[in-house]
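Take a look at the structure below.
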Amino acid sequence: MPSVFLHDWNLSPAEAIALQKRLAGRVEREDRLGEVRHIAGVDIGFEQGGAITRAAAVVLAWPPRAPGAFEVVEQVVHREPTRMPYIPGLLSFREVPAALGAFGQLSRRPDLVMVDGQGVAHPRRLGVASHLGLWLDLPAIGVAKSRLCGRHGEPGPARGDWTPLTDGPDDEVIGAVLRSRVGVKPLFVSPGHRVSLATALRWVVGCLGRTKLPEPTRLADRLASRRGQAANFS
DNA sequence: GCGACAG
DNA sequence: ATCTTGTCGC
């Protein structure tokens, strides 16, 4: 597993970075969503000490039956040999191939995708959520648990409070630091593809249940890391 | 040269 | 991300 090659392409890190710069120009940050009925959550986990990459995709129906109570329409898991080590800024080359494998197993094409990671809040404005959204040609939102780049203040204490995440000498707004739950470290939300920051925030807040992570990402995260599976024989 | 660094 | 027990809190 040479670290100098990425994804299915034979790319060196320098070439991968050049590719990110080119693809970033195709990322749309203006809203272009149709009617949303199915929202997919995507996340990646690992098995066997990292040798196997495990991608999970969960599809939830919108709107929820009650605030925070979503119906799981479909959920799939795709496993494959891990092809890349983790390199900050190049996460998509490690996770997108597996994520695409999971999407290939879905019987439906979701209307919106939430990814565990950054969207345009990335050094070259092409985080894993943007890369996947671009590849699938679907509206996508990045929901990360920590910061990759950018500056920000402390968001207010109430659920839904947020403060902009900025970067560069011109203080470009690349995302938002969102308080998804009282008393818990905030989330880093950013547009992945075909959505504005305001819309991204709207959907993330709308998908919040009782936990820090929005339901799509929380359920995918749980499935990817194999939690919530041993609880079948009560 | 010295930090920072999604998952 | 993952390795891991108990423990604090609602």
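Remember, predicted model here, so these are calculated numbers, not experimental data. We name chains A, B, ... by the order of the sequence lines, and we start the count at 1 in each one.
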* Does any donor atom in the side chain of A:Asp116 or A:Thr217 lie under 3.5 Å from an acceptor atom in the other side chain? ->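 Not at all, the side chains of A:Asp116 and A:Thr217 share no donor-acceptor pair under 3.5 Å.
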* Asked: If you link I, L, V, M, F, W and Y whenever their side-chain heavy atoms are under 4.5 Å apart, who else ends up in the same group as A:Leu165?
  ->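 Joined to A:Leu165, directly or through intermediates: A:Ile174, A:Val177, A:Phe188.
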* Can you establish whether the number of heavy atoms outside A:Arg37 located under 6.0 Å from its atom CZ is more than 12? =>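 No, not enclosed.
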* Report yes or no: is the ring centroid of A:Tyr86 under 5.5 Å from the six-membered base ring centroid of B:dG7, with the two planes under 30 degrees? =>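 Yes; centroid distance and tilt both under limits.
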Calculate the interatomic distance between [X] atom [atom1] and [N] atom [atom2]; express it in whole Å.
{"X": "A:Arg151", "N": "B:dG3", "atom1": "CZ", "atom2": "P", "value": "21 Å"}
{"X": "A:Gln118", "N": "B:dA6", "atom1": "CD", "atom2": "P", "value": "8 Å"}
{"X": "A:Lys185", "N": "B:dA6", "atom1": "NZ", "atom2": "C1'", "value": "13 Å"}
{"X": "A:Asp167", "N": "B:dA4", "atom1": "CG", "atom2": "C1'", "value": "12 Å"}
{"X": "A:His152", "N": "B:dA6", "atom1": "NE2", "atom2": "C1'", "value": "13 Å"}
{"X": "A:Leu187", "N": "B:dG7", "atom1": "CG", "atom2": "C1'", "value": "14 Å"}
{"X": "A:Leu165", "N": "B:dA4", "atom1": "CG", "atom2": "C1'", "value": "14 Å"}
{"X": "A:His131", "N": "B:dG7", "atom1": "NE2", "atom2": "C1'", "value": "16 Å"}

* Asked: Between A:Arg179 and A:Glu154, is there a salt bridge with N-O shorter than 4.0 Å?
  ->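 A salt bridge is present here (some side-chain N lies under 4.0 Å from a carboxylate O).
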* Could you tell me whether A:Asp167 and A:Arg147 have a side-chain N and a carboxylate O separated by less than 4.0 Å? =>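 No, no charged N to carboxylate O under 4.0 Å.
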Just N and O in the side chain of [X]: are any of them under 4.0 Å from OP1 or OP2 of [N]?
{"X": "A:Arg94", "N": "B:dG7", "result": "no"}
{"X": "A:Ser146", "N": "B:dG7", "result": "yes"}
{"X": "A:Lys145", "N": "B:dA6", "result": "no"}

* Asked: Is A:Leu208 reachable from A:Val36 through a run of hydrophobic residues whose side-chain heavy atoms are each under 4.5 Å from the next?
  ->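 Each belongs to a different hydrophobic cluster.
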* Can A:Ile52 be reached from A:Val76 by stepping across I, L, V, M, F, W or Y side chains whose heavy atoms are under 4.5 Å apart? ->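 A:Val76 and A:Ile52: separate clusters.
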* Quickly, which of A:Leu201, A:Leu187, A:Val189 forms a side chain to side chain contact (heavy atoms under 4.5 Å, CB included) with A:Trp162? Name it, please. =>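 Of the listed residues A:Leu201, A:Leu187, A:Val189, the side chain to side chain contact (heavy atoms under 4.5 Å, CB included) partner of A:Trp162 is A:Leu201.
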* Name the nucleic acid region contacted by A:Gly89, choosing base, sugar-phosphate or nothing; use a 4.0 angstrom heavy-atom cut-off, strictly under. =>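 Contact class for A:Gly89: base.
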* For A:Gly127, report the nucleic acid contact type (base, sugar-phosphate, nothing); a contact means any heavy atom under 4.0 Å. =>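 Base: the residue A:Gly127, judged by heavy atoms under 4.0 Å, touches a nucleobase.
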* Asked: Are the aromatic rings of A:Phe93 and A:His131 close, with centres under 6.0 Å apart?
  ->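 Between A:Phe93 and A:His131, the centre distance is under 6.0 Å.
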* To do: Could you provide the dot-bracket string of DNA chain B, using ( ) for intrastrand pairs, [ ] for crossing pairs and | for bases paired to another strand, with Watson-Crick or G-U pairs below 3.5 Å?
  => .......
* To do: Give the first and the last nucleotide of DNA chain C, reading 5' to 3', that has any atom under 4.0 Å from a heavy atom of chain A.
  =>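 First-to-last contact on DNA chain C, by the 4.0 Å heavy-atom rule, is C:dA1 to C:dT2.
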